[in-house]
Amino acid sequence: MSSAPLAPVDPFAVAVRPLDEPGNAATLRAAGPIVQAEAPAGGPVWIITEEALARQALADDRLVKDPAWAPRSWNRWAAGLEPTAAEQLSLTTLDGPAHTALRRAHTPLLSARRVQGYAGRIGSIARELLTAQAPGPVDLMDEFTTRFPLAVICELLGVPDDRVDQAIAACRQLNGEDPAAFAAAMAAFSELAEAALASGDGMAVELRERVPEGVDDRELHYLLFGLIFASQITTDAALGFLLARVLADGPIGADAIDGLVTDGLRRHPPAPFTLWRFTRTALELSGVRLPERAPVLVDIAVINTAPGPAGGPDLTFGAGPHFCVGAQLAQLELRAVAEVLVTDFPRARLAVPYADLRRTDRGMQGSRLTALPVLLRG
Ligand code: HEM
């Protein structure tokens, strides 16, 4: 057993790059299947850069999500950790039977069949929001890509549509670094959850009926917050990359859209890293020794862009017990916007050359286009 090679570049560095520039992926991949780097919150982090090892680690029950196992030296706030599993019920911090029970409550609500039933309505939301855009050049990253996924998830959960603005503001506040703004955002999410539960119909009410006995309203609010925020932060970024591609490719048929969605997600995964996992015991991964409480991440972006047959591996939505519960909804949303764009706005085009588009890589926060100026009516 040995220690992991040190990452030759900072995997969390913030950088602005041309949209399709590969960044540091090849350098990190070449360094080894598991590399060590400096964690944003200090101390070492182990990063998996190879698909088979990633799938093995994501199914390994010695790697747990509960932040109670984070390095003792980490400042919880600076590290952006969620509350521990004991403090707060959450899909993203529980493991084992408690996690399975909570997943069972969620999965039927977001199954492929179930979300397909909302396809028409999701298409209408895309149409309404695109039609409302200004006729001149409009930056779709400024508002549209944030509003659309929030309008969809609010409608599905039963949050009244006059509260979508509140959801947008709360998501933006949460992405900042001010603790007071963070607290205000969490209070706003609670209000949104309460409004959805009071509305009497929608998935929020269904989820309340399905969660394990004893889950109280405060806990339910947090689960609903998880669905709202996870919808926005990921789909928002994915829409930018997808729409840039759709517009750059000129007139495309609706049959090309599925391929563009899959390929866009693979090449620009909106969650470039998994969420944190921690070793609950010392262990070995691919010949590398990890101590107890070691923080571990899977580098989805590096793995997804590895050369391979048929476009290479795809870990965009994760793998194992924590595989994204919203994967079907997200793909449906992306397809819906692309379809509306090509059918209702056949003259739409980029307002700047594709080569001028830039993305901002923000480490664990993911990559997002800095702007997407578009002339929707040509
Ligand atoms: C393109 C859009 C999306 C991407 C790329 C994405 C990606 C991911 C990934 C990689 C994970 C696993 C994280 C890990 O194992 O640490 C995950 C989990 C999760 N996602 Fe998504 N997601 C997307 C959209 C959504 C949507 C629309 C929802 C809600 C409706 C959602 C809700 C969740 C939840 C609740 C989890 C935690 C599941 C668990 O831990 O059991 N996601 N997502």
Side-chain angles (χ1 to χ4, degrees), residues 47-48 54-55 57-60 63-67 81-82 85 89-96 98-112 114-115 118 122 145 148-157 159 167 171 196 202-204 207 222-242 261-278 295-301 303-304 313-338 364 366-368:
I47 301 179
I48 298 174
R55 291 190 186 276
L58 294 175
D60 187 330
L63 289 165
V64 295
K65 304 206 69 186
D66 188 350
L81 295 180
E82 279 190 87
L89 192 78
S90 169
L91 278 177
T92 47
T93 57
L94 289 174
D95 284 292
H99 176 256
T100 311
L102 206 53
R103 282 284 294 210
R104 256 191 227 124
H106 285 76
T107 38
L109 305 183
L110 292 161
S111 70
R114 182 75 193 269
V115 298
Y118 298 104
I122 290 173
T145 58
F148 172 72
L150 285 171
V152 171
I153 194 73
C154 283
E155 171 137 344
L156 264 54
L157 291 176
V159 177
C171 287
M203 284 183 188
L207 188 64
Y222 193 84
L223 298 177
L224 294 169
F225 145 71
L227 294 176
I228 297 171
F229 186 56
S231 286
Q232 180 271 319
I233 187 148
T234 51
T235 314
D236 180 332
L239 273 170
F241 292 110
L242 173 67
V261 168
T262 310
D263 192 57
L265 285 171
R266 188 179 62 76
R267 290 194 301 129
H268 297 289
F273 296 96
T274 54
L275 301 173
W276 292 109
R277 283 167 176 72
F278 308 102
V296 177
L297 292 173
V298 169
D299 195 324
I300 295 176
I303 293 171
N304 272 14
D314 194 337
L315 279 173
T316 300
F317 292 103
H322 291 276
F323 182 83
C324 177
V325 80
Q328 298 298 333
L329 176 62
Q331 290 168 91
L332 181 67
E333 287 184 34
L334 293 171
R335 283 196 299 270
V337 177
M364 288 194 67
S367 299
R368 189 175 188 275

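All values reported here derive from a predicted model rather than from experimental measurement. Just so you know, ligand 1 is whichever comes first in the structure, and atom 1 is the first atom listed for that ligand.
- Looking at ligand 1, you'll find an N or O of Leu275 within less than 3.5 Å of one of its N or O atoms.
- Proximity annotation for atom 19 (C) of ligand 1: of Gly264, Pro321, Pro149, Cys324, Cys324 comes nearest, heavy atoms only.
- Here the side chains of Leu223 and Leu102 are in contact, with some heavy-atom distance below 4.5 Å.
- Taking only nitrogen or oxygen atoms, main chain and side chain alike, Thr274 does not reach within less than 3.5 Å of ligand 1.
- Contact annotation: the side chain of Ile122 approaches that of Leu329 to within less than 4.5 Å [non-hydrogen atoms, C-beta and beyond].
- Proximity to Ala330 (heavy-atom distance under 4.0 Å) selects the following atoms of ligand 1: 1 (C), 2 (C), 24 (C).
- Remark: Leu239 CG to Phe148 CZ distance equals 6.5 Å, nearest 0.5 Å.
- Polar contact check, Leu91 against ligand 1: a nitrogen or oxygen pair lies under 3.5 Å apart.
- Without hydrogens or angle criteria, Gln331 side chain to Ala327 main chain gives a donor-acceptor distance under 3.5 Å.
- The contact set between ligand 1 and Arg103, taken as ligand atoms under 4.0 Å from a residue heavy atom, comprises 38 (C), 39 (C), 41 (O).
- Regarding atom 24 (C) of ligand 1, its nearest protein heavy-atom neighbour is Thr234 OG1, 3.2 Å.
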Set out, in order, the CA-CA distance, both residues' side-chain angles and the distance that settles side-chain contact (heavy atoms from CB on, under 4.5 Å) for Leu150 and Val159, then state yes or no.
CA-CA 10 Å; Leu150 285 171; Val159 177; over 6 Å; no

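- The one candidate from Leu58, Asp95, Thr274 that meets the side chain to side chain contact (heavy atoms under 4.5 Å, CB included) condition with His322 is Asp95.
- Using a 4.0 angstrom heavy-atom cutoff, Arg277 counts as in contact with ligand 1.
- Considering only heavy atoms from C-beta on, Val325 comes within 4.5 Å of Leu227 through its side chain.
- The line from OH of Tyr222 to CG of Leu91 is 10.5 Å long, rounded to the nearest 0.5 Å.
- Annotation: atom 37 (C) of ligand 1 to nearest protein heavy atom, Thr92 CG2, 3.6 Å.
- Taking every non-hydrogen atom of Pro270 and a distance limit under 4.0 Å, the qualifying atoms of ligand 1 come out as 1 (C), 5 (C).
- Without hydrogens or angle criteria, Asn304 side chain to Leu315 main chain gives a donor-acceptor distance under 3.5 Å.
- Closest to atom 7 (C) of ligand 1, if we only count protein heavy atoms, is Thr316 O, 3.6 Å.
- In this structure, CG in Asp66 is found 6.0 Å from OG1 in Thr93, a value given to the nearest 0.5 Å.
- Less than 4.0 angstrom separates some heavy atom of Leu265 from each of these atoms of ligand 1: 1 (C).
- Inter-residue side-chain proximity for Leu110 and Met203 is flagged as met; some heavy-atom pair is nearer than 4.5 Å.
- Shortest contact from atom 35 (C) of ligand 1 to any protein heavy atom: Val325 CG1, 3.5 Å.
- Ranking protein heavy atoms by distance to atom 40 (O) of ligand 1, first place goes to His322 ND1, 2.6 Å.
- At under 3.5 Å, a nitrogen or oxygen of His99, whether backbone or side chain, sits near a nitrogen or oxygen of ligand 1.
- Of all protein heavy atoms, the one lying nearest to atom 28 (C) of ligand 1 is Gly326 CA, 3.6 Å.
- In this structure, Lys65 has a heavy atom closer than 4.0 Å to ligand 1.
- Ranking the protein heavy atoms by distance from atom 32 (C) of ligand 1 puts Ala230 CB, 3.5 Å first.
- One option in Phe229, Trp276, Phe317 has a heavy atom closer to atom 6 (C) of ligand 1 than any other, and that option is Phe317.
- Taking distance alone, with nitrogen or oxygen atoms compared against 3.5 Å, Ser231 stays at or beyond that limit from ligand 1.
- For the atom pair CD1 of Ile303 and CZ of Phe273, the computed distance is 10.5 Å after rounding to the nearest 0.5 Å.
- Applying the 4.0 Å criterion to heavy atoms of Ile300 picks out, from ligand 1, the atoms 10 (C).
- Rounding to the nearest 0.5 Å places CD of Glu333 at 11.0 Å from CG of Asp236.
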